[in-house]
Enquirer: 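My questions will all concern the structure given below.
For the numbers below, each heavy atom of this structure counts, side chains included, while hydrogens, waters and symmetry mates do not. In what follows, chains carry the letters A, B, and so on, assigned in the order in which the sequence lines appear, proteins first and then strands, with residues in each chain numbered from 1. On a predicted model such as this, the values are computed, not experimentally measured, just so you know.
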Protein chains: 2
Amino acid sequence: MVSIKDIAKQAGVSISTVSYALNGSPKVTYETTSRILAIAKALNYVPNAAARSLKTRETKIIGVFLTDFSGAFYGDLLQGTRETLTQKGYDLIVCSGKQSHRMLPERMIDGAIILDQTFGSDEMISYADRGHKLVVLDRELSHPNINQVLLDNKAGAMLATEYLIEQGHRTLYAVTGPSGSYDSKQRLQAVMQVVERTSGVTLTVIEGDFNKSAGERAAASIMADTNGGTVSSAVFCFNDEMAIGMFNYLAGNHPEVRIGEQIHIVGFDNIELASYTQPRLTTIDYSKRKWGAFAAEQLIKLINGDTVDHERIYVTLLKGNSVGAGK
Amino acid sequence: MVSIKDIAKQAGVSISTVSYALNGSPKVTYETTSRILAIAKALNYVPNAAARSLKTRETKIIGVFLTDFSGAFYGDLLQGTRETLTQKGYDLIVCSGKQSHRMLPERMIDGAIILDQTFGSDEMISYADRGHKLVVLDRELSHPNINQVLLDNKAGAMLATEYLIEQGHRTLYAVTGPSGSYDSKQRLQAVMQVVERTSGVTLTVIEGDFNKSAGERAAASIMADTNGGTVSSAVFCFNDEMAIGMFNYLAGNHPEVRIGEQIHIVGFDNIELASYTQPRLTTIDYSKRKWGAFAAEQLIKLINGDTVDHERIYVTLLKGNSVGAGK
DNA sequence: TTGTAAGCGTTATCAT
DNA sequence: ATGATAACGCTTACAA
């Protein structure tokens with residue numbers, strides 16, 4: 001491995017001069033600087049990150065922590081994050097799994113953006129207490145070193161529920177996320193709020209887990225409830241994944257039940273797949289890229305010691321054909 | 001930041017004893033070890049990655065480099081990689097973009113798995129020359145420090161082409177990837193080989209780029225060619241993404257043309273979306289998880305100085321309903 | 001303008 | 001069984 005020491009030797013100067021030169025310090029003559037740069041290039045010199053960050057106590061790398069790499073959902077978010085970070089002079093790495101948590105306390109990254117239910121809040125707080133900077137995307141967490149960038153879940157859930165009611169539906173179902181999910185809790189609260197202030201509406205809550213299989217199970221249960229779709233029903237799945245599971249189940253087991261006629265379905269997230277369902281899924285849309293970009297921005301501010309308010313990502317109702325008018 | 005120095009002071013021992021104790025060396029008494037461990041925990045001690053890897057010259061982290069984070073395609077691959085790496089005591093980070101290339105030469109990672117067309121082969125070779133270990137998933141590269149784990153592109157392309165011919169189709173189209181793509185080149189070669197040894201088959205090659213839009217353009221061009229689908233045609237899209245672009249274009253612009261009847265389509269990759277197309281896309285399938293796992297395994301072997309042969313991922317034809325019999 | 005030297009937090013060799 | 005100490009490659013006062 002070639003180090004600044006080797007360059008110094010070659011150039012006949014001291015290592016500090018080399019260091020200054022490499023970092024473009026004006027303290028070194030243009031002449032020596034360019035000579036040193038030339039030698040560095042000739043020797044194929046590459047700085048050693050470990051040595052540098054041992055000294056500077058920063059790595060210029062931000063970590064994004066996800067539950068898994070299933071991607072479909074995260075692509076745009078990461079793209080948005082990366083763009084912003086690049087522009088601020090930071091690099092981005094994506095991590096998943098308990099093992100990789102160490103990257104933050106061990107200082108391999110300068111900060112973390114977290115969208116990972118399995119990441120403990122207490123764990124995060126203990127990191128924050130030690131001075132590490134975090135942005136959370138999936139929970140509320142109050143700490144000077146933690147910022148939140150959250151979806152406007154309540155607005156989304158209200159939009160969805162009100163739309164179903166507006167369309168004349170009175171037999172509502174809500175398929176939730178896993179019990180620990182902040183997003184799911186928020187959505188359910190909003191749904192109940194809307195239902196409570198509307199008379200004549202019945203709501204059945206079905207516990208799900210944000211996976212396709214939960215959507216299938218929910219569909220089965222609803223079919224049992226509604227006499228095989230004879231009674232019309234309107235379902236708000238708390239994410240698109242489950243809505244699609246529901247589509248699949250119905251297509252496979254009840255081909256006679258038509259979505260948007262006997263059963264009406266709304267999702268949440270507007271994932272890519274949602275635009276390929278037949279009929280097109282009605283869902284809650286928001287800019288995943290902006291979400292990622294905001295998170296990055298907030299994190300950099302935290303790192304720079306700027307004050308930051310929590311951010312909120314606004315959502316809209318995207319009307320597809322999976323919801324029709326109630327009779 | 002609390003360091004082993006602090007622990008040493010508290011415990012009234014030297015830093016070397018602390019270091020040994022923390023690393024579970026048998027040189028230190030069980031007594032002192034447990035005392036030191038207790039103090040470390042009490043002080044909330046976390047080792048500093050930079051300092052350690054400055055000394056040990058390793059980070060126990062592997063980087064996977066992708067063209068982008070669009071995920072849909074990479075989820076399983078990364079999952080497979082991560083499982084294998086975890087088992088071998090390594091962590092995984094996912095990187096994308098030119099910026100992040102520095103991680104390898106700067107020794108922030110112990111090795112790299114590369115599936116990124118934009119990563120220069122010459123760049124990789126220069127890294128390999130300096131002793132860095134790489135596994136490439138998207139090109140052939142001969143170097144003692146580089147291993148390849150490649151798809152069996154030829155087999156896949158042959159399966160697809162032969163199937164189309166077998167089904168009685170004679171007017172074939174091939175929609176390729178971008179000109180630089182190794183996978184695309186391999187597939188095209190195999191297609192041509194099959195076509196050349198079969199009489200009465202005409203092949204038209206349409207240049208694509210692995211994106212949906214290329215599939216749309218190709219569809220338009222084929223429609224023009226075949227008098228709006230009046231003449232039957234059979235298309236091998238070199239990936240599913242383009243095949244789906246083709247589905248979209250046809251659904252939007254030629255609803256009267258039925259896939260699997262007037263036009264027959266085969267894809268490559270069997271991405272998740274492929275199972276949602278109507279009709280189900282016929283495609284070339286392979287285990288993405290196994291691909292990732294192999295790559296990880298090979299890389300660890302390289303790092304350990306073991307000898308490694310190149311690996312190959314086998315593929316199969318997955319029959320959907322997007323190809324029917326030719327008349 | 002350039003050099004000297006201390007120090008970042010570890011590991012590991014050599015003494016004791 | 002434990003301690004002193006050098007070293008890893010770099011940054012940065014401070015001195016010259």
Side-chain angles (χ1 to χ4, degrees), chain A residues 1-37 39-40 43-61 102-110 130-132, chain B residues 1-37 39-40 43-61 102-110 130-132:
Chain A
M1 174 185 285
V2 25
S3 74
I4 54 171
K5 208 186 266 178
D6 304 305
I7 303 180
K9 207 175 295 171
Q10 275 257 341
V13 298
S14 78
I15 59 161
S16 52
T17 305
V18 175
S19 176
Y20 286 131
L22 290 175
N23 291 308
S25 161
K27 311 171 89 177
V28 185
T29 351
Y30 174 78
E31 265 202 336
T32 30
T33 296
S34 55
R35 191 158 51 89
I36 286 172
L37 255 41
I39 294 177
L43 293 184
N44 247 325
Y45 168 76
V46 178
N48 181 302
R52 187 193 335 194
S53 59
L54 180 57
K55 192 68 189 157
T56 63
R57 295 155 157 282
E58 62 174 22
T59 60
K60 289 288 177 188
I61 299 176
R102 68 180 177 102
M103 306 228 176
L104 189 61
E106 293 190 6
R107 310 192 101 86
M108 247 145 21
I109 53 180
D110 292 347
R130 292 180 225 170
H132 297 287
Chain B
M1 174 185 283
V2 26
S3 76
I4 53 171
K5 209 186 266 178
D6 303 305
I7 302 181
K9 207 174 297 171
Q10 276 258 342
V13 299
S14 78
I15 59 160
S16 46
T17 304
V18 174
S19 176
Y20 285 131
L22 290 175
N23 292 306
S25 162
K27 310 172 87 177
V28 185
T29 353
Y30 174 76
E31 266 203 338
T32 28
T33 296
S34 54
R35 191 158 51 89
I36 288 172
L37 255 41
I39 295 178
L43 294 184
N44 246 325
Y45 167 77
V46 178
N48 180 302
R52 189 197 335 213
S53 61
L54 178 58
K55 192 66 189 158
T56 62
R57 294 152 158 284
E58 61 175 22
T59 60
K60 289 289 178 186
I61 301 177
R102 68 182 176 99
M103 306 228 175
L104 189 60
E106 293 189 4
R107 309 190 101 87
M108 247 145 19
I109 54 180
D110 292 348
R130 291 182 226 167
H132 298 286

Enquirer: Can you identify which nucleotide, out of D:dA4, D:dT2, C:dT13, has its nearest atom closest to the B:Ser16 side chain?
Expert: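 Selected nucleotide: D:dA4.
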
Enquirer: As a test of reading the structure: which of D:dT11, D:dG3, D:dA13 is closest to the side chain of B:Ser14, going by heavy atoms?
Expert: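 Taking heavy atoms from C-beta onward, the closest nucleotide is D:dG3.
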
Enquirer: Looking at B:Thr32, B:Val28, B:Thr33, which one forms a side chain to side chain contact (heavy atoms under 4.5 Å, CB included) with B:Tyr20?
Expert: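 For B:Tyr20, the side chain to side chain contact (heavy atoms under 4.5 Å, CB included) check succeeds only for B:Val28.
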
Enquirer: Select base, sugar-phosphate, or nothing to describe what A:Ser53 touches, counting heavy atoms under 4.0 Å on all strands.
Expert: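 Touches nothing.
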
Enquirer: Using the 3.5 Å cut-off, write out each protein N or O paired with an N or O of nucleotides 6-9 of chain C and the distance between them.
Expert:
| residue | atom | partner | partner atom | Å |
| --- | --- | --- | --- | --- |
| C:dG7 | N2 | A:Lys55 | NZ | 3.4 |
| C:dG7 | N3 | A:Lys55 | NZ | 3.4 |
| C:dC8 | O3' | A:Arg57 | NH2 | 3.4 |
| C:dG9 | OP1 | A:Arg57 | NH2 | 2.6 |
| C:dG9 | N2 | B:Ala51 | O | 3.3 |

Enquirer: Between A:Thr29 and C:dT2, is there a side-chain N or O to OP1/OP2 distance below 4.0 Å?
Expert: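 Answer yes for this pair, as a side-chain N or O of A:Thr29 is under 4.0 Å from OP1 or OP2.
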
Enquirer: Report yes or no: does A:Asn23 contribute a side-chain atom to a donor-acceptor pair with the main-chain N or O of A:Ser25 at less than 3.5 Å?
Expert: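 Checked: no pair found.
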
Enquirer: Look only at the side chain of A:Arg130 and the backbone of A:Pro105, and say whether a donor-acceptor pair between them is shorter than 3.5 Å.
Expert: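 Checking the backbone N and O of A:Pro105 against the side chain of A:Arg130, no donor-acceptor pair under 3.5 Å is found.
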
Enquirer: Looking at D:dT2, C:dT11, D:dC14, which one has an atom nearest to any side-chain atom of A:Lys27?
Expert: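 So the side chain of A:Lys27 is nearest to D:dC14.
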
Enquirer: Whole Å only: how far is the NZ atom of B:Lys9 from the C1' atom of D:dG3?
Expert: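 That distance rounds to 16 Å.
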
Enquirer: Could you check if a side-chain atom of A:Ile61 sits within less than 4.5 angstrom of a side-chain atom of A:Asp110, using non-hydrogen atoms only?
Expert: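 The answer is no; the side chains never approach within 4.5 Å.
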
Enquirer: Is there a donor-acceptor pair closer than 3.5 Å between any side-chain N or O of A:Thr56 and the backbone N or O of A:Glu58?
Expert: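 Side chain of A:Thr56 to backbone of A:Glu58: a pair is present.
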
Enquirer: Can you tell me if A:Thr56 touches the phosphate of D:dC10, counting only side-chain N or O atoms and a distance under 4.0 Å to OP1 or OP2?
Expert: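 For D:dC10, neither OP1 nor OP2 has a side-chain N or O of A:Thr56 closer than 4.0 Å.
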
Enquirer: Atom CE of B:Met108 and atom C1' of D:dC8: how far apart are they, to the nearest Å?
Expert: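 Those two atoms, CE and C1', are 17 Å apart.
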
Enquirer: Hey, does the side chain of B:Ser3 reach the backbone of B:Lys5 with a donor-acceptor pair shorter than 3.5 angstrom?
Expert: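 Indeed, once roles are kept as given, a pair shorter than 3.5 Å links the two residues.
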
Enquirer: Measure the distance from CG on B:Leu22 to C1' on C:dA12 and round it to the nearest whole Å.
Expert: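 So the CG-C1' distance, B:Leu22 to C:dA12, works out to 15 Å.
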
Enquirer: Tell whether B:Tyr20 reaches the base of C:dT13 with its side chain through a donor-acceptor pair below 3.5 angstrom.
Expert: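 Such a pair exists between side chain and base.
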
Enquirer: Any donor and acceptor pair, going by atom type alone, linking the side chain of A:Ser19 with main-chain N or O of A:Ile15 inside 3.5 Å?
Expert: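 Not a single qualifying donor-acceptor pair exists.
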
Enquirer: Taking atom C1' of C:dT2 as reference, at what distance in whole Å does atom CD1 of A:Ile7 sit?
Expert: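 For the pair A:Ile7 CD1 and C:dT2 C1', the rounded distance is 16 Å.
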
Enquirer: Whole angstrom is fine here: how far is it from CZ in B:Arg107 over to P in D:dG9?
Expert: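 Rounding to the nearest Å, CZ of B:Arg107 and P of D:dG9 are 9 Å apart.
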
